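Not measured: the values here are computed from a predicted model.
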2 protein chains.
Amino acid sequence: MNSAARPPAMSDVAALAGVSHQTVSRVLNDHPSVRPETRERVAEAIAQLGYRRNSAARTLVTRRSGTLGVVTPATALYGPTSTLVGLEEAARVVGWFVSVATIRQFDGDSMHTALEHFLGQGVDGIAIIAPTTEVAQAIAAIASPVPVVLISSASDVPPVPHLHAVGVDQRHGARLATQHLLDQGFTEVVHVAGPQDWFDAQDRLAGWREVSGPGAPEHIEAGWDAADGYELGLRMVREGVPRAIFAANDQLALGLLHAFWEKGVRVPDDVAVVGFDDEVGAAHYTPPLTTVRQDFGALGRLAVDSLQAAFAGEDVARQQIPAELVVRASSIRPAETAHGA
Amino acid sequence: MNSAARPPAMSDVAALAGVSHQTVSRVLNDHPSVRPETRERVAEAIAQLGYRRNSAARTLVTRRSGTLGVVTPATALYGPTSTLVGLEEAARVVGWFVSVATIRQFDGDSMHTALEHFLGQGVDGIAIIAPTTEVAQAIAAIASPVPVVLISSASDVPPVPHLHAVGVDQRHGARLATQHLLDQGFTEVVHVAGPQDWFDAQDRLAGWREVSGPGAPEHIEAGWDAADGYELGLRMVREGVPRAIFAANDQLALGLLHAFWEKGVRVPDDVAVVGFDDEVGAAHYTPPLTTVRQDFGALGRLAVDSLQAAFAGEDVARQQIPAELVVRASSIRPAETAHGA
DNA sequence: CGCGCCCATGTGAGCGCTCACCCCGGCGCC
DNA sequence: GGCGCCGGGGTGAGCGCTCACATGGGCGCG
């Protein structure tokens, strides 16, 4: 009945089981040199007392907290949040906790604050879902004592020590999307690019250009939001709508679809549209959106693996996961389209 | 040059500044009884050494980790992820870290594991974004030594000690949505409800029923996904499309819009649709969706406030944040609709 | 049969911090 | 002018764990 006073410590368990605290520790850490019988007694004492190992004490002496710090943008954007979920699951599999810091902007100050925050907390590694060029610079300036993994396609991250990079191969995904449109018979694909200070946006642009060739028209730069796509769509309606568009993400594509629908421009009959992300709901846009899917679960696992390799002192090369094209109605060439008008 | 060996400790700072470790501690904790001059010397030593307070040691002695554990479903659903972001920001304002655990299902086992995980880590409080009835029971069975706040409308959470509940007033939001449709002149509003083991779904249903009155038709139960809405929409097209629908979330509404568009049923001309959530992109659905917006930032702050009140021993009543109706084209009665066919 | 080695377990120190307590000197007050 | 009080600061213990080492009994081997 005195349970409220202080949670049971290892010594309490030891006393109850009639062993030393060290034996309890050995049981907890699966040390081989413990007789099954002793192990049993200790396990019983633990259960009886409701003992739970104090991780602060453990961290203090081992200098390892078993915690992964994740820096993520303060938005509900599909990509970043899915990546966070993927990371958490991968981290848990290897027994890590995940601590989160969101940041509103990726300037040096915000990044510095976030990293400082994590280092003070004693995290064992840091993952940054924050794919702007500013980030890499901010990190380079900090010289983290623990490994850092940057999650983005990041094809030109400066080679900073301890800084690894993993990502879905955005460039490959962009090639798939662009090639798909060309395969449909469109001779020219217009690219609505994302903010060019984001690695992902840069790479999607690069992938598009690789397939489109040098003769392709200039890309159009926009933000990541549907509102940007909508504005741009309205402008296209005024100035001329292309036959095929590859948008840098699904939200941009959604905004375009909205503008086209509003102005009576038919998709895919008048213009084919492809997005990127395969957001929840993309299958139900008007019309259902052809897009590029990313495997965020695999991405999380890759990031965690990369961090673990860093602990082991391995010099990990940049690693990428392939993307996958998901074909839906928005990009199917008119002749083949089925749904009645 | 021996910096790599061991990070500087408080005693190192003390030695450099020519004071005792306790004085350094006082400076760090803003204790008043330190001469400005001394404070200055200590601050300099800290900067020079790049000292960072070891939070594990601090946690060990204070028994407070300054960490908030958040349990959230393992999905990129708009509501949960937005709530997570809101929580993190509110937590940071009061100086808390946020640790995250995602769970795939809200059964007792998963919840138990997640809470056990956090308690071992020594979190000071736990927030659960997990609005199913199963959750409340699972929590009640655990008897957490730290305060727990359940984030959901949760109008019938059992009165468990230490268990607080905060949420956006789903019932109110549902009333707004339903009343809006009635105000448009529709005599009957059909409700497509979410999974009834979710508190939010229950409350949206209840709000709809309050305004619709007992004479209203039975609601239709579905999941949370666009695919569910789509299936249902197709069924409605076969069996009869109502004049006005209030869907339990935007994804369901999106699926309905998809089915209606595909089958040539016009929105809002033939059927008015209202959703719930105001997801990113809802303004750009076809047509733009009337929906109910929730202030997740305020929700996060309320949850954190509630936890702090719990520390102070206050017996906090259940608190709710009002929702806000956002009117767009999908619900505007035909006569008033503007965009040309 | 005695030496050494390994298995099983115990002992003590110390991780870096905060808390409780002690100490010293100056100043106001009766 | 002595006493108490308070500002400014120091000392030591101990939070709960792990690590390095000590111990002691059994068993294989020459």
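Taking only side-chain nitrogens and oxygens, Ser25(A) never comes nearer than 4.0 Å to OP1 or OP2 of dC17(D). Within the 4.0 Å cut-off from OP1 or OP2 of dC15(D), not a single side-chain nitrogen or oxygen of Thr59(B) is found. Residue Arg35(B) places none of its side-chain N or O atoms closer than 4.0 Å to OP1 or OP2 of dG7(D). At the phosphate of dC15(C), neither OP1 nor OP2 sits under 4.0 Å from any side-chain N or O atom of Asn54(B). Within the 4.0 Å cut-off from OP1 or OP2 of dT18(C), at least one side-chain nitrogen or oxygen of Arg58(B) is found. Of the side-chain N and O atoms in Arg53(A), one or more sit less than 4.0 angstrom from OP1 or OP2 of dT18(D).
Between dC17(D), dC17(C), dG9(D), one nucleotide has an atom nearer to the side chain of Val34(B) than all others, and that is dG9(D). The side chain of Val61(B) sits closest to dG14(D) out of dG14(D), dT18(D), dT9(C). Comparing dC15(D), dT18(D), dG9(D) by their nearest atom to the side chain of Met10(A) picks out dT18(D). Here the nucleotide nearest the side chain of Ala9(B), chosen from dT18(D), dG16(C), dT18(C), is dG16(C). Of the listed nucleotides (dG16(C), dG7(D), dG10(D)), dG10(D) has the atom at the smallest distance from the side chain of Ser20(B). Here the nucleotide nearest the side chain of His21(A), chosen from dC19(C), dA13(C), dG16(C), is dA13(C). Among the nucleotides dG16(D), dG8(D), dC19(D), the one closest to any side-chain atom of Thr62(A) is dC19(D).
Here the C1' atom of nucleotide dC19(C) and the CG atom of Asn29(B) are 11 Å apart, to the nearest Å. Summarising the geometry, the separation between CZ on Arg6(A) and C1' on dG14(D) is reported as 12 Å, rounded to the nearest angstrom. The distance between atom NE2 of His31(A) and atom P of dC6(C), rounded to the nearest whole Å, is 14 Å. For the pair Arg52(B) CZ and dC15(C) P, the interatomic distance rounds to 19 Å; values are reported in whole Å. Straight-line distance from the CD atom of Gln22(B) to the P atom of dA13(D): 15 Å, rounded to whole Å. In this structure, the CZ atom of Arg63(B) is 11 Å from the C1' atom of dG14(D), given to the nearest Å.
With hydrogens and angles ignored, a donor-acceptor pair under 3.5 angstrom links the side chain of Arg26(A) to the base of dG10(C).
The cationic group of Arg301(B) does not satisfy the cation-pi geometry with Phe296(B), failing either the under 6.0 Å distance to the six-membered ring centre or the 45° limit from the ring axis. For the pair Arg92(B) and Phe97(B), the cation-pi criterion (under 6.0 Å, within 45° of the ring axis) is not fulfilled.
For the pair Leu60(B) and Pro32(B), both in contact range of DNA chain D, the more 5′-proximal nearest nucleotide belongs to Pro32(B).
A salt bridge links Arg6(B) with Asp12(B): the closest approach of a Lys/Arg side-chain nitrogen to an acidic carboxylate oxygen falls below 4.0 angstrom. A salt bridge does not link Arg35(B) with Glu40(B): none of the charged nitrogens is closer than 4.0 Å to a carboxylate oxygen.
The backbone N or O of His31(A) lies less than 3.5 Å from no partner atom in the side chain of Asn29(A), so there is not a single donor-acceptor pair. Between the side chain of Thr67(B) and the main chain of Val123(B), no donor-acceptor pair closer than 3.5 Å is present.
Backbone-only engagement by Thr38(B) is indicated by non-hydrogen atom pairs under 4.0 Å involving sugar-phosphate atoms exclusively.
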